[in-house]
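All chains are named by letter (A, B, ...) in the order of the sequence lines, taking the proteins before the strands, and each is independently numbered beginning at 1. Since the structure is predicted, the reported quantities are computational estimates derived from the model, not experimental observations. We use all heavy atoms of the structure for the numbers below, so side chains are in, but hydrogens, waters and symmetry mates are not.
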Amino acid sequence: GQNIDQPTEMTATEGAIVQINCTYQTSGFNGLFWYQQHAGEAPTFLSYNVLDGLEEKGRFSSFLSRSKGYSYLLLKELQMKDSASYLCAVRDTHNQGGKLIFGQGTELSVKP
Amino acid sequence: DTEVTQTPKHLVMGMTNKKSLKCEQHMGHRAMYWYKQKAKKPPELMFVYSYEKLSINESVPSRFSPECPNSSLLNLHLHALQPEDSALYLCASSQEGSGSNQPQHFGDGTRLSIL
């Protein structure tokens with residue numbers, strides 16, 4: 001079956017580094033996406049990995065290991081505005097309109 | 001603000017009403033999506049349109065009827081909804097093509113309440 005696991009909640013301190021893990025078991029794999037969603041707002045795209053390794057984008061980095069079915073999102077120099085839900089999503093096929101399968105989301109609280 | 005525009009932002013309707021949700025994008029994307037999201041849950045895929053043709057229907061009840069009039073517009077027609085259909089309805093779009101790595105861009109959603 002299809003399964004994506006992430007921690008439900010995490011708490012971190014302003015200025016620190018936090019790593020949000022995601023493990024997945026899906027019937028197909030055509031990339032893994034990380035989205036950020038503030039309460040009451042639309043999900044916004046953060047990063048994409050389809051090959052093994054680390055992708056860096058400013059304060060945000062994402063890592064993928066396809067053999068382990070594992071990804072993480074690394075947030076550096078945390079700011080209060082980073083408090084949000086972080087969604088891991090796997091695109092399961094090469095087909096046009098390939099669907100995204102979302103994890104349950106990790107609610108991150110950044111404290112002063 | 002996002003590049004995917006959804007209207008209305010809020011909608012309250014009775015179980016016997018008929019209403020429509022609208023979504024528009026002008027990024028030239030050829031795939032468009034409807035998702036349903038309950039509080040503190042991830043988005044659940046409902047429908048996917050690819051090149052204006054319905055390509056995925058996730059066994060959604062017939063009281064939800066999607067329509068894609070052209071490549072920029074996506075509608076969701078609602079009729080005889082139930083209280084459990086109250087949720088945030090998100091529209092998204094993406095570029096498509098074999099092996100596309102393009103992300104889905106989400107609208108701000110329509111918050112729907114069924115009385």
Side-chain angles (χ1 to χ4, degrees), chain A residues 2-9 20 22 24 26-51 53 55 57 60 62 64 73 84-109, chain B residues 1-6 9-10 23 25 27 29-59 66 68 74 87-111:
Chain A
Q2 318 269 51
N3 194 44
I4 299 181
D5 284 319
Q6 358 177 183
T8 306
E9 294 176 332
I20 303 174
C22 172
Y24 63 89
T26 54
S27 54
F29 181 83
N30 189 28
L32 186 145
F33 296 82
W34 284 96
Y35 283 84
Q36 179 192 61
Q37 187 174 25
H38 286 100
E41 297 183 13
T44 54
F45 168 70
L46 290 178
S47 70
Y48 170 79
N49 296 73
V50 68
L51 299 176
E55 295 283 339
K57 253 189 185 182
F60 294 73
S62 57
L64 176 68
L73 180 70
S85 181
Y86 290 85
L87 297 160
C88 171
V90 171
R91 181 173 170 144
D92 76 340
T93 69
H94 282 277
N95 293 342
Q96 291 176 348
K99 60 188 282 186
L100 286 182
I101 302 164
F102 283 89
Q104 292 297 304
T106 298
E107 193 69 36
L108 174 66
S109 297
Chain B
D1 287 344
T2 69
E3 295 176 83
V4 177
T5 305
Q6 291 188 242
K9 293 194 182 310
H10 301 275
C23 175
Q25 57 87 14
M27 295 179 281
H29 291 174
R30 302 311 298 268
M32 295 186 77
Y33 311 78
W34 280 116
Y35 288 87
K36 174 183 177 180
Q37 188 176 28
K38 292 279 211 181
K40 298 195 181 299
K41 296 288 186 184
E44 293 175 41
L45 183 67
M46 299 173 73
F47 302 103
V48 180
Y49 273 82
S50 181
Y51 291 88
E52 296 151 58
K53 289 188 170 27
L54 183 65
S55 60
I56 297 177
N57 176 340
E58 291 287 289
S59 302
C68 189
L74 185 67
L88 180 69
Y89 287 83
L90 292 163
C91 173
S93 70
S94 67
Q95 291 180 0
E96 281 306 327
S98 178
S100 170
N101 66 351
Q102 298 303 308
Q104 293 180 19
H105 296 263
F106 286 83
D108 286 332
T110 294
R111 191 160 296 283

Contacting moiety of A:Q37, where chain B heavy atoms sit under 4.5 Å: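 Only the side chain of A:Q37 comes within 4.5 Å of chain B.
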Region of B:R111 in contact with chain A, defined by heavy-atom distances below 4.5 Å: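 Interface part for B:R111: side chain.
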Tell me, for B:Q6 versus chain A, whether the close heavy atoms (under 4.5 Å) come from the side chain, the backbone, both or neither.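 Neither part, no heavy atoms under 4.5 Å.
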Nearest atoms (heavy-atom pairs only) where [X] meets [Y]:
| X | Y | answer |
| --- | --- | --- |
| A:F102 | B:P43 | CD1-O, 3.7 Å |
| A:G103 | B:P42 | O-CB, 3.0 Å |
| B:F106 | A:P43 | CB-O, 3.6 Å |

Would you compute the distance between atom CZ of A:F33 and atom OG of B:S94 and round it to the nearest 0.5 angstrom?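 So the gap between those two atoms works out to 8.0 Å.
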Quick one: does A:L100's side chain get under 4.5 Å of B:Y35's, heavy atoms only?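 Touching, per the 4.5 Å side-chain cut-off.
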I'd like to know whether NZ of B:K41 has more than 12 heavy-atom contacts from other residues, nucleotides or ligands below 6.0 angstrom.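 Incorrect, the count does not exceed 12.
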Do other residues, nucleotides or ligands put more than 12 heavy atoms under 6.0 Å from the NZ atom of B:K9?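 No - once you tally the heavy atoms of other residues, nucleotides and ligands closer than 6.0 Å, there are 12 at most.
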So, using side chain to side chain donor-acceptor pair (under 3.5 Å) as the criterion, who are the partners of A:Q6 when residues are at least two apart?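 Checked A:Q6 against side chain to side chain donor-acceptor pair (under 3.5 Å); matches are A:T106.
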For the interface with chain A, which of B:M32, B:Q37, B:R30 has the highest count of heavy-atom pairs at distances below 4.5 Å?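 Greatest number of close heavy-atom pairs with chain A: B:Q37.
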